[in-house]
Amino acid sequence: RRIDEGIKFWKDNEELIGRVSEEFGVDPQIIVSIIGVETLYGRITGSYRVLDALTTLGFYYPKDLKRDRSGFFSGELLHFIQLSKEENLPVDEVTGSYAGAMGMGQFIPSSYRAYAVDFDGNGSRDLWRSTPDVVGSVANYLHVHGWKPGEPVARPAVAAPSADAELVSTGDYKPAVSVAEASEKGYRSSVDLDPERQTAVLKLDQNNRSDYWLTFDNFYVITRYNRSPLYAMAVLQLSEEIRRGME
């Protein structure tokens with residue numbers, strides 16, 4: 001469904017997406033895919049009052065969890081109050097996810113304030129009803145975090161039995177070794193790559209095996225949008241299917 005609706009969303013907004021892609025230097029299929037993964041192209045933007053969600057997480061964060069993120073969410077609450085004044089939002093009516101993410105691109109308040117753009121030029125940044133603002137804001141987020149258009153995101157790799165397990169990324173997916181070094185340590189790409197390109201090694205557990213990938217700067221950029229490598233891989237693989245559908 002996300003593939004089919006992604007193709008339709010792209011076709012319905014082809015001129016806009018092309019213009020945004022050109023201006024911000026972000027591959028169009030990635031922009032479309034993120035909106036698809038986040039909210040099914042605007043169909044599911046969340047039904048929690050953002051004020052309630054951020055207040056609860058900021059002041060009543062569960063004590064039995066390993067990480068206490070109450071400080072983060074109380075900070076987001078302050079950003080939300082400031083955002084509501086800047087964008088003239090009804091602070092007690094705005095809805096979003098259980099964690100306070102809003103709109104078609106699911107921006108948390110600090111990200112909304114920092115990266116949302118008024119691409120339709122009407123004087124406000126509307127991530128619910130303005131498709132130009134949504135597409136432009138997603139692209140701007142990726143652009144600011146270093147997206148490199150046309151460059152690879154990830155490539156499948158084969159791990160030798162003696163591959164160095166310490167090379168596998170566990171939390172920070174920023175490329176730190178060359179493709180040549182990764183190959184020397186047992187992780188060889190299934191396609192030809194520049195041996196000097198910087199990479200990281202990703203391991204994904206399947207039901208009865210492990211898959212290995214060489215990931216690059218653009219993969220790291222997607223993890224700035226959402227830190228989960230599974231999220232980044234979902235965005236990548238959906239984007240490839242949508243691009244093939246468009247072709």
Side-chain angles (χ1 to χ4, degrees), residues 24 26 30-31 33-40 42 44-119 122-130 132-147 169-174 200 217-235:
F24 290 97
V26 179
I30 295 292
I31 302 170
S33 181
I34 283 182
I35 298 170
V37 169
E38 290 289 354
T39 62
L40 193 54
I44 308 167
T45 59
S47 58
Y48 294 88
R49 281 206 322 168
V50 171
L51 181 64
D52 293 340
L54 295 176
T55 300
T56 301
L57 292 170
F59 296 98
Y60 302 97
Y61 197 82
K63 301 299 183 184
D64 57 343
L65 298 182
K66 291 181 179 180
R67 293 177 59 199
D68 181 1
R69 302 189 69 201
S70 58
F72 169 79
F73 286 108
S74 59
E76 289 301 319
L77 176 60
L78 292 176
H79 277 292
F80 176 61
I81 294 170
Q82 291 173 290
L83 176 68
S84 69
K85 295 178 180 179
E86 294 166 356
E87 300 298 332
N88 196 29
L89 300 176
V91 69
D92 57 345
E93 297 177 14
V94 176
T95 58
S97 76
Y98 71 92
M102 299 173 288
M104 289 174 64
Q106 291 292 277
F107 278 32
I108 58 174
S110 60
S111 293
Y112 200 130
R113 296 185 70 210
Y115 306 113
V117 297
D118 174 21
F119 201 77
N122 71 350
S124 68
R125 301 176 295 173
D126 185 346
L127 300 190
W128 288 271
R129 294 170 294 273
S130 171
D133 288 1
V134 171
V135 173
S137 296
V138 170
N140 184 53
Y141 192 106
L142 298 173
H143 166 73
V144 171
H145 285 84
W147 186 268
S169 297
T170 57
D172 184 356
Y173 303 95
K174 189 169 182 62
D217 287 326
N218 281 345
F219 188 90
Y220 177 76
V221 171
I222 299 174
T223 65
R224 302 306 90 192
Y225 203 102
N226 181 307
R227 297 300 193 262
S228 168
L230 299 178
Y231 173 91
M233 189 58 68
V235 167

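We use all heavy atoms of the structure for the numbers below, so side chains are in, but hydrogens, waters and symmetry mates are not.
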Open item on the list: To check you understand the geometry: which heavy-atom pair defines the closest contact between A200 and Y173, and what is its length?
Closed with: CB-O, 4.0 Å

- [ ] Compare all side-chain heavy atoms of E38 with those of Y231 and state whether any distance is below 4.5 angstrom.
- [x] yes

Task: Test item: side-chain donor near acceptor, E76 and Y112, under 3.5 Å - done: no

Task: ring-ring contact (aromatic ring centres under 6.0 Å, His included) involving F107 - partner list, sequence neighbours excluded - done: Y141, Y225

Open item on the list: When you compare the side chain of M104 with that of L127, does any pair of heavy atoms fall below 4.5 Å?
Closed with: no

Open item on the list: Can you confirm whether Y48 is buried at OH, in the sense that more than 12 heavy atoms of other residues, nucleotides or ligands lie under 6.0 Å from that atom?
Closed with: no

Task: S228-N226 side chain donor-acceptor pair, cut-off 3.5 Å - done: no

Open item on the list: Show me the pairs that pass salt bridge (charged side-chain N to carboxylate O under 4.0 Å, His left out) and involve residues 51-65, at least two apart or across chains.
Closed with: R49-D52

Task: Any side-chain heavy-atom pair of I222 and W147 under 4.5 Å - done: yes

Task: Note, L51 side chain near L77 side chain (heavy atom, < 4.5 Å) - done: yes

Open item on the list: Less than 4.5 Å apart, side chain to side chain, heavy atoms only: is that true for D133 and W128?
Closed with: no

Open item on the list: If the condition is side-chain hydrogen bond (donor to acceptor under 3.5 Å, both in side chains), which residues does R69 pass it with, not counting sequence neighbours?
Closed with: none

TODO: For residues R125 and S137, determine if any side-chain heavy atom of one lies less than 4.5 Å from a side-chain heavy atom of the other.
DONE: no

- [ ] Please examine the side chains of P90 and V94, heavy atoms only from C-beta on, and report whether any two atoms are closer than 4.5 Å.
- [x] yes

